[in-house]
Protein chains: 2
Amino acid sequence: MTDITNLTEMKAMLKVPLGNQIGRVHRLWRSAITAAVQSLDMTESRWTAMLHLKMLGEGATQQALAQELGIEMPSLTRTLGQLVELNMLERRPHPTDKRAHCLYFTPAGQQTLTKLIECTMQIRQALYRDLTPAAVQQLMQTLDLMERNARTLLATTSAATAVEDSL
Amino acid sequence: MTDITNLTEMKAMLKVPLGNQIGRVHRLWRSAITAAVQSLDMTESRWTAMLHLKMLGEGATQQALAQELGIEMPSLTRTLGQLVELNMLERRPHPTDKRAHCLYFTPAGQQTLTKLIECTMQIRQALYRDLTPAAVQQLMQTLDLMERNARTLLATTSAATAVEDSL
DNA sequence: CAAAAATACTTAGCAAGCTAACTAAATTAC
DNA sequence: GTAATTTAGTTAGCTTGCTAAGTATTTTTG
């Protein structure tokens, strides 16, 4: 019924730089958190790794954590090196696989983690101001769909030729 | 009426790493476009600058373009240097303000721009697959609100102490 | 079971955002 | 009208993502 409207709206949308907006929000988000946790010697990549290791559970391998974070191994290796250097984490040998390392919090890491959790929840709360749970839910769903679309597109390698209809 | 539900949902949301999801989508978006336009010697920052200059209109200053892009001047300076080097853009002196430069496309830049517009619209179309215009609209609105919340938070400088309620 | 392929991790170097600190011109203030 | 401040742009160097290429195991395969 609203097909024509949809088509018109869709065409208009294709000109809007949504990707930039997403990037901007991400940078602002990062800034807000970095400002809040810098007294803990934490940067975005560091606290992110800490929190996700907590979610995954101690003993996870670097590979598993990279997967969880959605980043590549080299990016994570660097950050973990810093966290080990800061005495937040330990790399212990994997019980059966000599290639792999398992990740554990140090006592100092545990303490920092507690503060991080509190801190990041406060920030999220501020960022969600005036947003309904439904809106946040919707945001996550839409982003998830876009993420899957992007992965599909990239998997098709020659992304440029994915769509050629005139619309 | 759904206050209790809302509160429960809200608490749950505060634990979800939405910031990471946003970052992930941004990186995937960037990858998809980079893959599509690399034959034009374009990277994300370059094509972004080109498209936004087009939107702003030729003759814009670097300051205006940085504002439009939502990035800082030094980030833009580097990218513009590359685009001038690649013979896509020209920096011309501002008619009245000797500090400022005005930006213009070269003929080669114009040609590249045309291809870029087509290319990025195709990619956006692929990324919006299975999304309704309403969902995209909602996404932009929610992101916009979060962007404003983040700016407010950052403007309060001591972001850490912004909220202290127990919740 | 030895050779080939895959996997966990690392190192090196690029991309594009940022802040801090600088110059030169314009504006404001006294 | 000069002095102080602001603004446009740059340069230098940090962060954190990436890919490419290398090592050491593990797994697969012929």
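Worth saying up front: this structure is predicted, and the values here are computed from it rather than measured. Residue numbers begin at 1 in each chain, while the letters A, B, ... track the order of the sequences.
- Protein atom CE of B/Met50 is 18 Å distant from nucleotide atom C1' of C/dA16, rounded to whole Å.
- The base of D/dG17 is paired with the side chain of A/Arg78 by a donor and an acceptor separated by under 3.5 Å.
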Run B/Arg46 and B/Leu86 through side chain to side chain contact (heavy atoms under 4.5 Å, CB included) and show every step you take. CA-CA 10 Å; B/Arg46 291 182 203 158; B/Leu86 288 166; 3.6 Å; yes

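- Of the candidates D/dT16, C/dT19, C/dG17, D/dT16 carries the atom nearest the A/Ser45 side chain, counting heavy atoms from C-beta on.
- Rounded to an integer number of Å, the gap from B/Arg46 CZ to C/dA15 P is 7 Å.
- Base contact: B/Ser75 has a heavy atom under 4.0 Å from a base atom.
- Dashed line: the shortest gap from a side-chain N or O of B/Thr79 to OP1 or OP2 of C/dA16 is not under 4.0 Å.
- Listed nucleotides D/dT19, D/dT16, D/dG9 differ in distance to B/Gln63; the shortest reach to its side chain belongs to D/dG9.
- Straight-line distance from the CD atom of A/Gln62 to the P atom of D/dT23: 19 Å, rounded to whole Å.
- Rounding to the nearest 0.5 Å gives a distance of 9.0 Å between CD of B/Gln138 and OG1 of B/Thr132.
- In this structure, A/Tyr104 is not a member of the same hydrophobic cluster as A/Leu80, with clusters built from ILVMFWY side-chain heavy atoms closer than 4.5 Å.
- Summary of the strand contacts: B/Leu76 and A/Met73 both lie near DNA chain D, and taking for each the nucleotide with the nearest heavy atom, the more 5' one is attributed to B/Leu76.
- Nearest to the side-chain atoms of B/Thr77 among the listed nucleotides D/dC18, D/dG17, D/dG9 stands D/dG9.
- When side chains are defined from C-beta on, B/Pro17 counts as touching A/His52, because their heavy atoms get closer than 4.5 Å.
- Shown for residues 82-105 of chain A: residues whose heavy atoms fall under 4.0 angstrom of DNA chain C, namely A/Arg91, A/Arg99, A/Ala100, A/His101.
- The 5' end of DNA chain D is approached more closely, in terms of each residue's nearest nucleotide, by B/Ala64 than by the other of B/Ala64 and B/Arg30.
- Taking atom CD1 of B/Ile71 as the reference point, atom C1' of D/dG9 lies 14 Å away to the nearest angstrom.
- Cluster annotation: A/Met140 is connected to B/Leu143 through the hydrophobic network of ILVMFWY side chains, with a link wherever side-chain heavy atoms come within less than 4.5 Å.
- No hydrogens or angles considered: a donor-acceptor pair under 3.5 Å links the side chains of A/His26 and A/Glu44.
- Regarding B/His26, its NE2 atom lies at a distance of 12 Å from the P atom of D/dC18, rounded to whole Å.
- Regarding B/Trp47, its CH2 atom lies at a distance of 11 Å from the P atom of C/dA16, rounded to whole Å.
- For the pair B/Leu28 CG and D/dG17 C1', the computed distance is 12 Å after rounding to whole Å.
- Per the geometry, CD1 belonging to A/Ile33 stands 17 Å off P belonging to D/dT15, to the nearest Å.
- Side-chain contact between A/Leu103 and A/Thr61: absent, with no pair of heavy atoms (C-beta onward) separated by less than 4.5 Å.
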